[in-house]
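Worth knowing before you read on, the calculation uses all heavy atoms, side chains too, and leaves out hydrogens, waters and symmetry mates. Every chain is numbered from 1, with letters handed out A, B, ... down the list of sequences. Since we're looking at a predicted model, the values are computed, not measured.
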There are 2 protein chains.
Amino acid sequence: MIVKGKKRGRPSGKSSELSAQVILDKAKSLMRNEKKVPSIRSLASSLNVDAMAIYHYFNNKDALLESITTSLIESIYQPQVNDDWKKALTELCTSYLILLDSYPGLLNTLLSMEGTGPAQVFVERFNILIKALNLSKEAQDNALNLLVDYLHGFALALNCQGDELLLHVDQLTGPLNFYCAALERN
Amino acid sequence: MIVKGKKRGRPSGKSSELSAQVILDKAKSLMRNEKKVPSIRSLASSLNVDAMAIYHYFNNKDALLESITTSLIESIYQPQVNDDWKKALTELCTSYLILLDSYPGLLNTLLSMEGTGPAQVFVERFNILIKALNLSKEAQDNALNLLVDYLHGFALALNCQGDELLLHVDQLTGPLNFYCAALERN
DNA sequence: TACAATTATTCTACACCGTAGAATAATTGT
DNA sequence: ACAATTATTCTACGGTGTAGAATAATTGTA
């Protein structure tokens with residue numbers, strides 16, 4: 001397993017090209033494929049680099065995970081101006097859940113960062129599509145909190161039971177319809 | 001820090017009394033006080049015992065955590081026959097949240113065990129009090145899933161942001177009222 | 001009573017983990 | 001020319017769960 005013994009010191013030329021971006025990309029692909037957050041050592045060795053090289057680009061592991069989280073969260077559904085609110089909500093929730101399911105570890109980082117962090121991305125997109133319903137401020141806040149925590153709880157269940165075939169993103173439908181009905185009748 | 005160097009082998013007499021129960025009790029109190037799951041070593045040393053002694057009573061750390069979870073979950077509110085459903089629901093949810101907030105690590109163990117495990121305790125107690133509403137089976141299932149995952153998401157947020165004064169169990173009230181209104185109008 | 005089996009414990013050690021700090025070598029600035 | 005900066009590897013520390021062996025007290029049996 002251990003092999004190389006590469007030359008020490010700064011490598012020559014512009015070759016090989018280690019960078020924050022290739023580290024982030026490799027870390028994301030390992031998270032997707034191994035279904036867990038890689039250790040710094042395994043991340044480094046899959047980049048053919050010493051573990052400590054990672055720390056030249058990131059202060060610590062949390063900073064790396066936060067960087068991944070910030071970049072990935074942008075990919076959730078962006079409601080369009082002409083969207084039907086219910087369709088937009090379904091798309092938003094589905095894309096959010098699929099993201100949190102695809103990258104185990106994302107959820108914990110997301111929640112540890114909170115406070116105008118990347119968790120706000122979902123909140124902002126929810127607030128856009130919910131305008132169509134003209135809820136009171138309180139009702140809107142309550143609806144938002146119920147939904148985000150529900151989705152986090154669902155994502156956590158998906159993470160913990162590692163796809164034991166009992167649990168799928170599909171099972172969002174029932175509770176989400178129940179939730180939408182509640183919104184409509186408010 | 002390292003001190004004793006106790007005598008090896010089985011200790012004499014019925015004294016000192018290490019047992020599964022004293023291990024469980026100490027582990028629970030460490031979880032409450034340190035606000036995290038103790039390492040086996042720190043648990044052992046706070047019992048003045050070698051780390052490996054723990055493994056005489058539990059196959060591995062997960063088994064210990066599962067045992068803790070199974071015993072603690074019984075302490076959530078038990079709905080009474082004459083309860084008003086809304087009051088009972090509030091008590092049930094509040095006690096569940098307080099439990100998950102008081103013992104960080106419980107939530108993950110709970111979800112990893114699922115499948116007629118201790119997570120069923122909440123489900124059963126919910127099903128008792130919800131009878132008062134005569135919902136259809138689908139509506140009841142959707143309502144249950146929405147609620148449990150919501151509570152898990154809330155508890156996770158509480159765990160992750162370690163009481164940064166932004167988040168408290170009180171904030172259950174708004175979303176829970178919104179949820180109750182949805183149930184009533186169903 | 002002798003001694004074998006069982007039980008409860010400690011000790012040692014392994015393979016992981018994140019990461020601090022120093023050594024090293026290439027590039028860049030003066 | 002040579003000093004400073006930058007990018008990298010190596011070594012090492014203190015932590016984790018836990019396997020395996022050594023040890024000693026108790027219990028069961030002849």
Should A/S39 and A/S42 be marked as a side-chain hydrogen bond (donor to acceptor under 3.5 Å, both in side chains) after you check the CA-CA gap, both sets of side-chain angles, and the distance that decides it? CA-CA 5 Å; A/S39 69; A/S42 70; 3.2 Å; yes

What is the distance, rounded to the nearest whole Å, between atom CD1 of B/I40 and atom C1' of D/dT16? 10 Å

Is any side-chain nitrogen or oxygen of B/S12 closer than 4.0 Å to OP1 or OP2 of D/dA25? no

With a 6.0 Å cut-off on the ring centroids, do B/F122 and B/H152 count as close? no

So, A/S71 versus A/K28: side-chain donor-acceptor pair below 3.5 Å or not? yes

Using Watson-Crick or G-U wobble pairs with both distances under 3.5 Å, give me DNA chain C in dot-bracket, 5' to 3', with [ ] for crossers and | for pairs to another strand. ||||||||||||||||||||||||||||||

Between the side-chain atoms of A/R8 and the base atoms of C/dA25, is any donor-acceptor pair under 3.5 Å? no

Rounded to the nearest Å, what distance is computed from the CG atom of residue A/D62 to the C1' atom of nucleotide C/dC17? 13 Å

Could you check A/R41 against B/R41 and say which one's nearest nucleotide on DNA chain D is further toward the 5' end? A/R41

Quick one: B/K6 NZ to C/dA8 P, roughly how many Å, whole number? 15 Å

Go nucleotide by nucleotide along DNA chain C from the 5' end; which of A/S39 and A/N59 gets its closest nucleotide reached first? A/S39

Measuring from atom CD of A/E91 to atom NZ of A/K86, what distance do you get when rounded to the nearest 0.5 angstrom? 14.5 Å

Side chain of B/V49 (C-beta onward), nearest among C/dT10, C/dT27, C/dA8: C/dT10

Return the nearest nucleotide to the side chain of B/L18; candidates are D/dT18, C/dT19, C/dT9. C/dT9

Does B/N33 CG have over 12 foreign heavy atoms under 6.0 Å away? yes

Of the nucleotides D/dG17, D/dT11, C/dT10, which one has an atom closest to the side chain of B/M52? C/dT10

Do A/Y77 and A/R125 get their side chains close enough for a donor-acceptor pair, meaning under 3.5 Å? no

Are A/S67 and A/T70 linked by a side-chain donor-acceptor pair shorter than 3.5 Å? no

Between P of D/dG17 and OH of B/Y55, the distance in whole Å: 6 Å

In this structure, are over 12 heavy atoms from other groups packed under 6.0 Å from A/K87 atom NZ? yes

Whether B/H56 contacts C/dA8 is assessed here as follows: a side-chain N or O lying under 4.0 Å from the phosphate OP1 or OP2. Is that the case? yes

Can you tell me how far C1' of D/dT8 sits from CD of A/E17, to the nearest Å? 14 Å

Measure the distance from CG on A/D50 to C1' on C/dA25 and round it to the nearest whole Å. 15 Å

Distance, rounded to the nearest Å, where A/I54 contributes CD1 and C/dG18 contributes P: 11 Å

B/A53 side chain: which of C/dA8, C/dT10, D/dT8 is closest? C/dT10

For D/dA7, does OP1 or OP2 lie under 4.0 Å from any side-chain N or O of A/Y57? no

OP1 or OP2 of C/dA25 less than 4.0 angstrom from a side-chain nitrogen or oxygen of A/K7, does that happen here? no

Testing D/dA24, D/dT18, C/dT9 for proximity to the side chain of B/N60, the answer is D/dT18

Separation of D/dA19 atom C1' from B/K61 atom NZ, nearest Å, is 17 Å

